[in-house]
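Following: one structure in structure tokens, then a few remarks.
Each chain gets a letter, A, B and so on, in the order its sequence line appears, and its residues count up from 1.
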Number of protein chains: 2
Amino acid sequence: MAVPPSLKGLQAFEAAARTGSFAAAAEELSVSAAAVSQLIRTVEEQMGRKLFHRVNRRVVLTEAGVEMLPRLTMAFQEIGSVARQLGGDTFRPRLVVSVPPSMAMGWLSQRLAGFASSHGAVDVSLRGDDDPVPFDRELIDIRLSYGPHYREHPTEDIVQDAVYPVCAPGLADTIKPEGMASLPLIHTGWGPTGASFPSWHNWFEAAGIEPGRAAQRGLSANSSRAALDLAISGLGVALAQGIYCAEALEDGRLVRPLAQALELRQPYCLTIPERSARRDVVAAFRQWLIDECRRAVNSPALR
Amino acid sequence: MAVPPSLKGLQAFEAAARTGSFAAAAEELSVSAAAVSQLIRTVEEQMGRKLFHRVNRRVVLTEAGVEMLPRLTMAFQEIGSVARQLGGDTFRPRLVVSVPPSMAMGWLSQRLAGFASSHGAVDVSLRGDDDPVPFDRELIDIRLSYGPHYREHPTEDIVQDAVYPVCAPGLADTIKPEGMASLPLIHTGWGPTGASFPSWHNWFEAAGIEPGRAAQRGLSANSSRAALDLAISGLGVALAQGIYCAEALEDGRLVRPLAQALELRQPYCLTIPERSARRDVVAAFRQWLIDECRRAVNSPALR
DNA sequence: CGAATAGATAAGTTCAGCTTATCTAGATTG
DNA sequence: CAATCTAGATAAGCTGAACTTATCTATTCG
């Protein structure tokens, strides 16, 4: 590339390639067809490479052209979207929040209304993702995960949680400490990330109870959230993270039949890439999220 | 936005915001500082919104400015990357291939050399992702998954696979059909997607054998790949997909102690978004991948 | 307190990008 | 099959967005 191509030239190429016609591109860009033709010719000269085959009165993308089209389309769409947001008379900041799927489903989505009402005028996009999330390819502003991944971005420990046996109040009456073995246990199949989350087996070990066959038997759920729902429905005893079950314990939908808890091996961590760190919305959300997490984990119901 | 902002103006803003100084941006864009100052002023007028606070002889981003910066940086980086690729004297197409993690680790990465050598000059980026992959946010050219997700993109069934009990040759000698219950089974914990993959329990059912407690016991692995490695090491009998174990069966590292197979409920599927479909590299890779998959699944060793 | 620096502004220049007009050649149609 | 239409290429010239230089201001810094 002797000289970098002009942005307008690339834009004209993108429009022409996408619509399949110089005339349509000219219409879209509000210029004459001749202008599009010249811009594209100039880009081709600058790049030293044809982007269209001129076949009679049609144009067909060359291989190089067809390769570049999707990437340019995405880039110009993004720029257009930025311009539209910036030009709107009411400017709403956007915030992309990524959390583990089980947290996106229940816990956080319920609380999000609270943030929205106290910090109005923010478009929050909540994503449930497993680690690792692609900070380099996507503009994620803030990521909550279990354990510190992402050494390359500023990461802070938020709070240390534990898991607690929980069940519906009705079921609790029938339990004696030694009687665990006779109760239906709810097993949680943690996602790919959660290899180090404790299982019932670990809990029995910590409690000093011989699990026998009980630690194997029972229902199982493929997410923390689903396990909690099963427990609330009275189908068994789940081993739930404090952050998830605190609310249900407070309002009595769940009780703790046994006091023995088991610390998680890792704290919850918050990662904010440098590029997002100085945004006001991000700072506000960070503080709000930390407070919410600590409040839930330090709930009196978990003491 | 009375009038859409000029691309050059946005580019000047991006450079100035990123570098933190108009002078540095001017340097980067090879223009005078005055030019940058004017371009940015024009954008601000067009948008009806300040992007920088002018504080003495410094500039500081406004909230609107800081919000927009990362998105513009990404977009212009992408455009720059396209221009560089286009301007290089040797043009190498790029291909982004997404497959389930277990396939990215072993099976496909081994074979990829074969594609590279027969279709030279292609930059293949191989990603291991769980479904769903974000076609709308990232430029994925081709996705191989188990079962049809992605109704919104053209998807084709490739081949119907099955799972087979496999183990190391040495271990096989000790097995009798009824003796399964006495052998160490290797359980595979499929990822979040794989809820419908068959388990040993399903296999026993299909084989008409009473599993007893055997279907519960044994080692477990959290990916097909890991389970296969355990089986090759002689640590037990794994239930492996044909596509993964065909090669090891052919060269004798594994054997099938029992003939009973179990069809998967879904075929492997290939999804190619419309934007990528007409690219030559994508078409070539599609055909190659289909052939490789069918060849593996229809291996004589699996009959 | 100079000297240096970063940005704003004014005035003038230039060339990228635009228009209009004309040309070509396949497609369409009566 | 000629007449017409359409999509793009090209030429010539115009215009204004983008640029430069020069000057001004305010601040920082040695």
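Extent of DNA chain C lying under 4.0 Å from chain A heavy atoms, first and last nucleotide in 5' to 3' order, is dG17(C) to dA27(C).
Nearest approach of Met105(A) to Ser109(A), heavy atoms of both residues: O-OG, 3.0 Å.
Under the 4.0 Å criterion applied to side-chain N and carboxylate O atoms, Arg286(A) and Glu156(A) are assigned as salt-bridge partners. Arg54(B) has a carboxylate O that lies under 4.0 Å from a charged side-chain N of Glu44(B), or vice versa, which qualifies the two as a salt bridge.
Ring geometry for Trp288(A) versus Phe285(A): interplanar angle of 30 to 60°, hence tilted.
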- prompt: What does nucleotides 15-20 of chain D look like as a protein-contact string, B for base, S for sugar-phosphate only, - for none, at under 4.0 angstrom between heavy atoms?
  reply: ---SBB
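Proximity of Arg71(A) to Arg94(B): side-chain heavy atoms (C-beta onward) are separated by under 4.5 Å at one or more points.
More than 12 non-hydrogen atoms from other residues, nucleotides or ligands lie less than 6.0 angstrom from CZ of Arg294(A). Within a 6.0 Å sphere centred on CD of Glu27(A), other residues, nucleotides and ligands contribute 12 heavy atoms or fewer.
Atom CZ in Arg57(B) sits roughly 5 Å away from atom C1' in dT27(D) (whole-Å rounding). Taking atom CZ of Arg58(B) as the reference point, atom C1' of dT27(D) lies 9 Å away to the nearest angstrom.
Note that CZ of Arg137(B) and CG of Leu139(A) are 11.0 Å apart. Values are rounded to the nearest 0.5 Å.
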